[in-house]
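Just below is one structure, and these are the notes that go with it.
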2 protein chains.
Amino acid sequence: MDEGETGGAAQSVPALRRAVAILDHLAECGEPISAARLTKALGLPKSTAHGLLLVLVELDLVARSPEGLLRPGPRSLRWSNAFLAQSDLVEAFRRQVAADEHLSDHSVTLSVLDGADVVYLACRNGAAPLGITFRIGMRLSAPFTATGKAMFAAMTEADVRRAFPSRWPDPLTPRSVASLDAFLKELEATRQRGHSVDDGQVRLGMACVGAAVRDAQGLPVAGVALSFLEAEASAAVLDRFGNRLRAIAEALSRSLGWRG
Amino acid sequence: MDEGETGGAAQSVPALRRAVAILDHLAECGEPISAARLTKALGLPKSTAHGLLLVLVELDLVARSPEGLLRPGPRSLRWSNAFLAQSDLVEAFRRQVAADEHLSDHSVTLSVLDGADVVYLACRNGAAPLGITFRIGMRLSAPFTATGKAMFAAMTEADVRRAFPSRWPDPLTPRSVASLDAFLKELEATRQRGHSVDDGQVRLGMACVGAAVRDAQGLPVAGVALSFLEAEASAAVLDRFGNRLRAIAEALSRSLGWRG
DNA sequence: TTTCATAGTTCAATATATTGAACTTTGTTC
DNA sequence: GAACAAAGTTCAATATATTGAACTATGAAA
């Protein structure tokens, strides 16, 4: 999901770009925000924002409270549901997870990289009170997650460096890997081990193992992970489930045409 | 989620409206489609569609395959996740379902009405092989679903008739209620019974009970339902869980400010 | 290979969206 | 209640998006 180039004649469609910027901002904000704050934050002319927001509200992309506060509306649900329904990867993951009884008590997730974040595309939450519930569409800083680590471990160092051109993401816990250099060392260990490990980098008390899913060209296009309470995550357990996960990742990779 | 009015000065923002129409069509289509077919289906000028699609692809709202086929892209995930994260109703449902051990083996769903469909906002799928997996964002014709029946039973006959001005939705199974008049009779039975019942109208072999969630004004804003294999859905079971569900719907309604 | 139809791409004249400025409404302070 | 600042709304001149027509590329049929 790179910042793509338009190719050929440059197209602008500024209304659409601004609508997307508005929706992204509302999503990142995490709480309702006034039109004035939104307009200032995005540097839009008042009139433009006014017109755009009227239509965004009409189209159910934005919801306006009686007090005039704005938050995302429900329209995007139909598109995101359609995206997931038409994803071969998600379908393969859902099938694989439904069929695997070894994983039944644990949280299993599938995510992809989007810039410096992972985005969760499918989640099967287990019963353990991890203190975190994975949600489809949820984003986390990639270097701290088992899925992110697994995907980056399958890339060149140059590609990893390119993903983090400026400041390192804010840590999620005191255990979150603190720098790019330390991250590169972890990735080497991940490659040696065959699967990735998050030992409390996303959430204290939670441990995860992860593995990368590859496409037909061998590029890492997704990561799968399994999460545990830290108390049950002995080295033997992590290894056992790490291997299980690698097998799943391989099965998914093969369904995407990988022939490694 | 009515077709809202713009209020005040009419705003057009046609690029945005057309982008939304494109995304809706891709979502409804259910499979990848060529730009030419999409353009013809929506009656757009070729040039306009061309430009819009270039930008939609650039913004990750649409994905284009190497063969030029179009399908929804991943961008909407962040907005739909934000919408769900900021919904008091969804939050209350998630909390309620997580806390209720009576429901643990069954599929529990929360949906809202959108025109003649219900849209699922939250789903906790159980272990039973219902032959259907509820997904967030998924839509079904409302009259056949337990949640739809529950919501319509809490409306006036005029409002129900207004929701179905033209042809009756295509049945999902041979048991799907066949007409508006038959539906109105079902709604009367639902009101008498206190909860709704779908006895194979969505999927043969699956039975559901449902109840409506009301807002502070007493209007039905959502429905909750519990699904079973038909083989386990004796009248006693349906009644027991119907009552359980009504209690859940009441708790949710109260969290939305209902004081009935 | 040629022909033809369809799909995709480019471009500038025309249509209309954008937005600065003015106005109105709302909320706060004195 | 008056004064003031900020938020929200309107409107037409200006900027630019839209799109018909022309062109290019692709695929199928003969």
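All figures in this text were calculated on a predicted structure; none of them were measured in a lab. Within every chain, numbering begins at 1; the chains are lettered A, B, ... in the order of the sequence lines, protein sequences first and strands thereafter.
Applying the salt bridge (charged side-chain N to carboxylate O under 4.0 Å, His left out) test to B/Glu91 and every residue at least two apart in sequence or in another chain returns B/Arg95. Legend: residues meeting salt bridge (charged side-chain N to carboxylate O under 4.0 Å, His left out) with A/Asp117, ordered by chain and number and at least two apart, are A/Arg139. In this structure, A/Thr109 has no side chain to side chain donor-acceptor pair (under 3.5 Å) partners at least two apart in sequence or on a different chain. For B/Arg167, the salt bridge (charged side-chain N to carboxylate O under 4.0 Å, His left out) partners are B/Asp170, not counting sequence neighbours. A search for side chain to side chain donor-acceptor pair (under 3.5 Å) contacts involving A/Arg254 returns nothing, not counting sequence neighbours. Looking at residues two or more places apart in sequence or on another chain, you find a side chain to side chain donor-acceptor pair (under 3.5 Å) between B/Glu157 and B/Arg161. Remark: B/Asp159 engages B/Arg162 in a salt bridge (charged side-chain N to carboxylate O under 4.0 Å, His left out) (not counting sequence neighbours). Judged as a ring-ring contact (aromatic ring centres under 6.0 Å, His included), and not counting sequence neighbours, the contacts of B/Phe134 are B/Tyr120.
Listed by residue number, there are no residues of residues 29-37 of chain A with a heavy-atom contact under 4.0 Å to DNA chain C.
Phosphate proximity of D/dT19 to B/Arg18: present, with a side-chain N or O under 4.0 Å from OP1 or OP2. In this model, the phosphate group of C/dG8 is not approached by any side-chain N or O of B/His50 to a distance below 4.0 Å at OP1 or OP2.
Rounded to an integer number of Å, the gap from A/Glu67 CD to D/dG8 P is 12 Å. Atom pair A/Leu16:CG and C/dT18:C1' shows a separation of 16 Å (rounding to whole Å applied). At whole-Å resolution of the value, CG in B/Leu38 and C1' in C/dA7 are 13 Å apart. For the pair A/Leu54 CG and D/dT9 P, the interatomic distance rounds to 7 Å; values are reported in whole Å. As rounded to whole Å, 13 Å separates atom P of D/dA7 from atom CG of A/Leu70. One atom, CG of B/Leu69, and another, C1' of C/dA7, lie 12 Å apart when rounded to the nearest Å. Regarding A/Leu53, its CG atom lies at a distance of 14 Å from the P atom of D/dT10, rounded to whole Å. Rounded to whole Å, the distance from CG on B/Leu44 to C1' on D/dT18 is 12 Å.
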At a cut-off of 3.5 Å, list every protein nitrogen or oxygen paired with a nitrogen or oxygen from nucleotides 21-23 of chain D, distance to 0.1 Å.
unit_1	atom_1	unit_2	atom_2	d
D/dA21	N6	B/Ser47	OG	3.3

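Residue A/Lys40 is the one, among A/Lys40 and B/Thr48, whose nearest nucleotide of DNA chain D lies closer to the 5' end (criterion: closest heavy atom).
The aromatic rings of B/Trp168 and B/Phe144 lie perpendicular to each other, with more than 60° between the two planes, well past the 30° mark.
Bending across the helix from C/dT1-D/dA30 to C/dC30-D/dG1, expressed as the angle between its end axes from five pairs apiece, amounts to 40° (10° rounding).
Among residues at least two apart or in separate chains, there is no salt bridge (Lys or Arg N to Asp or Glu O under 4.0 Å) pair with a member in residues 25-44 of chain B.
The pair B/Arg17-A/Glu58 meets the salt-bridge criterion, with a side-chain N (NZ, NE, NH1 or NH2) lying under 4.0 Å from an Asp/Glu carboxylate O.
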